[in-house]
Participant: 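Before I ask anything, here is the structure I am working with.
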Amino acid sequence: MITYIYWIFVLALTGGTLYLLGLKLKQWIPAAVVSGVILVVCASFYYFYLQQMFVKRWGGTMSLSVPEGMQHVAATWKDDNMWIENYDPKTNTCYFQEYSRGAMLEGKVVIKNCNPVSR
């Protein structure tokens with residue numbers, strides 16, 4: 001829900017800028033530039049800072065996919081970054097991978113011969 005409120009605010013800010021500068025002051029080029037800057041800055045701020053914080057702290061929404069051929073084992077949080085553990089039965093290897101803000105500086109731990117699920 002918080003994610004939707006954020007994007008409604010961003011769209012209202014962008015629309016308000018277009019309305020004020022474009023319609024009222026007849027300055028369409030500056031209105032388009034300022035609106036574009038607002039969208040780029042807000043999207044970058046969300047992607048690189050707010051997304052995982054919204055999910056963890058305020059019940060936002062985030063989607064991840066388990067890679068083809070792998071089995072999901074566990075997920076946990078370390079600060080505002082999510083760590084996912086997946087198991088590859090073909091190679092008997094576990095991958096413990098970090099999903100950090102903006103997908104930058106992500107850690108990865110490879111555990112060979114791990115057998116996480118006894119069958």
Participant: Which value, rounded to the nearest 0.5 Å, describes the distance between I29 atom CD1 and L21 atom CG?
Facilitator: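 Between I29 CD1 and L21 CG, I get 12.5 Å after rounding to 0.5 Å.
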Participant: Kindly compute the distance separating CD (Q51) from CE (M53), expressed to the nearest 0.5 Å.
Facilitator: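 Here the interatomic distance stands at 11.5 Å.
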Participant: Apply side chain to side chain contact (heavy atoms under 4.5 Å, CB included) to the pair I5 and F54, showing each step before the final yes or no.
Facilitator: CA-CA 11 Å; I5 293 170; F54 281 174; over 6 Å; no
Participant: Search all heavy atoms of V66 against all heavy atoms of H72 and return the closest pair with its distance.
Facilitator: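 Shortest heavy-atom contact: CG2-CB, 3.9 Å.
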Participant: Could you tell me which non-hydrogen atom of Q52 sits nearest to which non-hydrogen atom of M82, and how far apart they are?
Facilitator: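 Closest approach of Q52 to M82, heavy atoms only: OE1-N, 3.1 Å.
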Participant: When hydrophobic residues are tied together by side-chain contacts of less than 4.5 Å, even through go-betweens, does L50 share a cluster with I2?
Facilitator: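 Yes; tracing contacts between hydrophobic side chains, which count when under 4.5 Å, links both residues.
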Participant: Within the side chain of K56, is there an N or O that forms a donor-acceptor pair under 3.5 Å with the backbone of N81?
Facilitator: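 Not at all, since once roles are kept as given, no pair shorter than 3.5 Å links the two residues.
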Participant: CD1 of I84 to NZ of K108: how many Å apart, nearest 0.5 Å?
Facilitator: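 So the CD1 of I84 and the NZ of K108 are separated by 13.5 Å.
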Participant: Output every pair passing side chain to side chain donor-acceptor pair (under 3.5 Å) with a member in residues 5-14, not counting sequence neighbours, ordered by first then second residue.
Facilitator: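 Sorted result for residues 5-14: empty, none.
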Participant: Indicate the atoms forming the closest heavy-atom contact of P89 with G69, along with that distance.
Facilitator: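 Shortest heavy-atom separation between P89 and G69 comes out as CD-O, 3.4 Å.
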Participant: Same cluster for M70 and V110 if Ile/Leu/Val/Met/Phe/Trp/Tyr side chains link at under 4.5 Å?
Facilitator: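 They do share one cluster, since a chain of ILVMFWY contacts under 4.5 Å joins M70 to V110.
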Participant: What are the two closest non-hydrogen atoms of L18 and A31, and how far apart are they?
Facilitator: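 Nearest pair, atom of L18 first, then A31: CD2-O, 3.8 Å.
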Participant: Could you please spell out the steps behind the side chain to side chain contact (heavy atoms under 4.5 Å, CB included) verdict for I111 and T93?
Facilitator: CA-CA 6 Å; I111 305 169; T93 304; 5.8 Å; no
Participant: Would you say the side-chain atoms of D88 pair up with the backbone N or O of K90, donor to acceptor, closer than 3.5 Å?
Facilitator: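 Yes; at least one donor-acceptor contact below 3.5 Å.
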Participant: Within the structure provided, determine whether T76 and F96 are in side-chain contact (heavy-atom separation under 4.5 Å).
Facilitator: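 Counting from C-beta outward, T76 and F96 do come under 4.5 Å.
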Participant: On a heavy-atom basis, which atom in C94 and which in Y87 lie closest, and how many Å separate them?
Facilitator: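 Minimum heavy-atom separation between C94 and Y87: SG-CD1, 3.7 Å.
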Participant: Tell me which pairs pass side chain to side chain donor-acceptor pair (under 3.5 Å) where either residue lies in residues 24-46, with sequence neighbours left out.
Facilitator: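 Matches after skipping sequence neighbours: Y19-K24.
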Participant: I need the N92 CG to K112 NZ distance, nearest 0.5 Å.
Facilitator: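 Between N92 CG and K112 NZ, I get 11.5 Å after rounding to 0.5 Å.
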Participant: Once rounded to the nearest 0.5 Å, what's the spacing between atom CG of L20 and atom CG of L23?
Facilitator: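 Taking CG in L20 and CG in L23, the distance rounds to 9.5 Å.
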Participant: Which value, rounded to the nearest 0.5 Å, describes the distance between T3 atom OG1 and I8 atom CD1?
Facilitator: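 Reported to 0.5 Å precision, the distance equals 11.0 Å.
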Participant: Please determine whether residues F48 and V41 belong to a single hydrophobic cluster, defined as Ile, Leu, Val, Met, Phe, Trp and Tyr linked transitively by side-chain heavy-atom distances below 4.5 Å.
Facilitator: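 Unlinked, F48 and V41 end up in two clusters.
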Participant: ring-ring contact (aromatic ring centres under 6.0 Å, His included) with Y95: which residues, sequence neighbours excluded?
Facilitator: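 Per chain and number, Y95 pairs via ring-ring contact (aromatic ring centres under 6.0 Å, His included) with no residue.
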Participant: Can V37 be reached from V10 by stepping across I, L, V, M, F, W or Y side chains whose heavy atoms are under 4.5 Å apart?
Facilitator: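 Per the 4.5 Å side-chain linkage, V10 and V37 are not co-clustered.
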